[in-house]
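Working notes, structure below.
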Amino acid sequence: MIRLGLCCIFREESIRFRQTTASVLNRMNRREQLEKLSDLCTANLSNLLEALQWCHINRIGAFRILSPLFPRFTHPDVGYQLENLEHYTEILRLCRSINRFRQENAIRLSLHPDQFNVLSSPHELVVANTIRELEYQGRLAELLGADVINIHAGGAYGNKKEALMRFQVNFDLLSERVATRLTVENDDRVYTPTDLLPLCSTVGIPLVYDVHHHRCLSDNLDIGEATNHCLETWKRVKREPCFHISSPQDGWQGQNIRNHADYIDPTDFPEEWMRLDATVDVEAKAKELAVLRLRDDLDQW
DNA sequence: GCATGTCAAGTTGTG
DNA sequence: CACAACTTGACATGC
């Protein structure tokens, strides 16, 4: 069975995640900062539980958790520890409820750290910041029961081989809780599946195959071949494979095919995926509306 | 109440 | 060399 995944937020449902910025926090004293952050973390966890309940009711089998679930957690000035928040006990209780709910209802959770997390960077500071952020997401993953932390391979710096070598070296600096969850995804400007598959076998991490990115930046593999190679990387770690799907905003003849459309054109859904046991994250601007429509479209087939 | 500007972070490609 | 694009809404501010 294909399980479809909703990414991070809702378009029409009133489930909303809250945020803040460092500049707002910096205008407060530490006590006020922690009060605000405690409120936001607690609210976001309640919202996450609601999001999972929505997924369950609507037969959506996966949910991607937004990175700033705990806002500004790793920020150098205003970062904090959960233990220092007023609602710490409540926060842990909510995490356990979420973890139990996703387990009982078989909802797969994943995380997708932002583009500035670059393990292949030649800059020590960038790598250090990346590791800090990944460790935060690892903690989150452990608390909530997410099994995927998916990132891109980063920049090429004029030499992809060397960049991927740095990725490999820096991977060894990650904790067990991050390393066992980390996956790498082909992107639409630098790294194709062909570029990443050797890294995946050397490091022993799975490939998240984004077919839209592959259509924007192709290699010598067709979709069926890339799918099969991707499946092998997941088989090695005995876990359910993960794919991404989107459609271009103005069709394949449009100006910028990288932009995501509101909905998924069902003809963009690879035939090769139809009979797989796999997760397919739906990256579409209409969010839950797009997932529901694609679910119905696939049911028709 | 509504419009507008801001938000920690990286890298690439364009002009 | 500077800057927009990537992707993107939520929030705070100002009128």
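Every chain is numbered from 1, with letters handed out A, B, ... down the list of sequences.
Counting 5' to 3', DNA chain C first comes under 4.0 angstrom of a heavy atom of chain A and last does so at the ends given by dC6(C) to dT13(C).
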message: Between R215(A) and I257(A), is the side-chain contact (heavy atoms from CB on, under 4.5 Å) condition met? List the steps.
response: CA-CA 9 Å; R215(A) 285 166 173 150; I257(A) 56 172; over 6 Å; no
- request: Given side-chain contact (heavy atoms from CB on, under 4.5 Å), test R3(A) with E240(A) step by step and report yes or no.
  value: CA-CA 10 Å; R3(A) 66 164 97 207; E240(A) 180 177 311; 2.8 Å; yes
- request: Kindly indicate, with the supporting measurements, whether the criterion side-chain contact (heavy atoms from CB on, under 4.5 Å) is fulfilled by L111(A) and S67(A).
  value: CA-CA 7 Å; L111(A) 289 153; S67(A) 296; 5.8 Å; no
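Residue pairs meeting the ring pair (Phe, Tyr, Trp, His ring centres under 6.0 Å) criterion with at least one partner in residues 124-147 of chain A, sequence neighbours excluded, are F73(A)-Y136(A). Counting only residues at least two apart or in different chains, ring pair (Phe, Tyr, Trp, His ring centres under 6.0 Å) contacts with residues 274-297 of chain A are absent.
In this structure, D114(A) places its CG atom 12 Å from P of dA8(B), rounding to the nearest Å.
Taking the nucleotide of DNA chain C with the nearest heavy atom to each of D188(A) and L40(A), the more 5' of the two is matched to D188(A).
Residue-level contact check: R72(A) touches the bases, meaning some heavy atom is under 4.0 Å from a base atom. Residue D77(A) is classed as having no contact, given no heavy-atom separation below 4.0 Å to the nucleic acid.
Evaluation of the ring pair (Phe, Tyr, Trp, His ring centres under 6.0 Å) rule for H260(A) yields H212(A) as partners, not counting sequence neighbours. Shown here are the side chain to side chain contact (heavy atoms under 4.5 Å, CB included) partners of N159(A), two or more places apart in sequence or in another chain: K161(A), E162(A). In this structure, the ring pair (Phe, Tyr, Trp, His ring centres under 6.0 Å) partners of H56(A), at least two apart in sequence or on a different chain, are F101(A). In this view, W273(A) and F243(A), F269(A) satisfy the ring pair (Phe, Tyr, Trp, His ring centres under 6.0 Å) rule, not counting sequence neighbours. Among residues two or more places apart in sequence or in another chain, the ring pair (Phe, Tyr, Trp, His ring centres under 6.0 Å) test is passed with H152(A) by H112(A), H213(A). Remark: E142(A) engages R177(A) in a salt bridge (charged side-chain N to carboxylate O under 4.0 Å, His left out) (not counting sequence neighbours).
Going from the P atom of dC2(B) to that of dT7(C) covers 31 Å, rounded to whole Å. A distance of about 16 Å separates the C1' atoms of dT4(B) and dT8(C), rounded to the whole Å. Nucleotides dC3(C) and dC7(B), compared at atom P, are 16 Å apart to the nearest Å. The separation of dG10(B) from dG9(C), taken at their P atoms, amounts to 23 Å, rounded to a whole angstrom.
The stretch residues 16-36 of chain A touches DNA chain C through R16(A), F17(A), R18(A), Q19(A), V24(A), R27(A), K36(A), each having a heavy atom within less than 4.0 Å of the strand.
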statement: Dot-bracket assigned to DNA chain C with the 3.5 Å Watson-Crick/G-U criterion, [ ] for crossing and | for other-strand pairs, is ||||||..|||||||
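A heavy-atom distance below 4.5 Å is not found between the side chains of L48(A) and N44(A).
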statement: Heavy-atom contacts, protein to nucleotides 10-15 of chain B, under 4.0 Å, summarised as B (base), S (sugar-phosphate only) or - (none) per nt, yield BSSS--
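With rounding to the nearest 0.5 angstrom, the CZ atom of R181(A) is 8.0 Å from the CG atom of D147(A).
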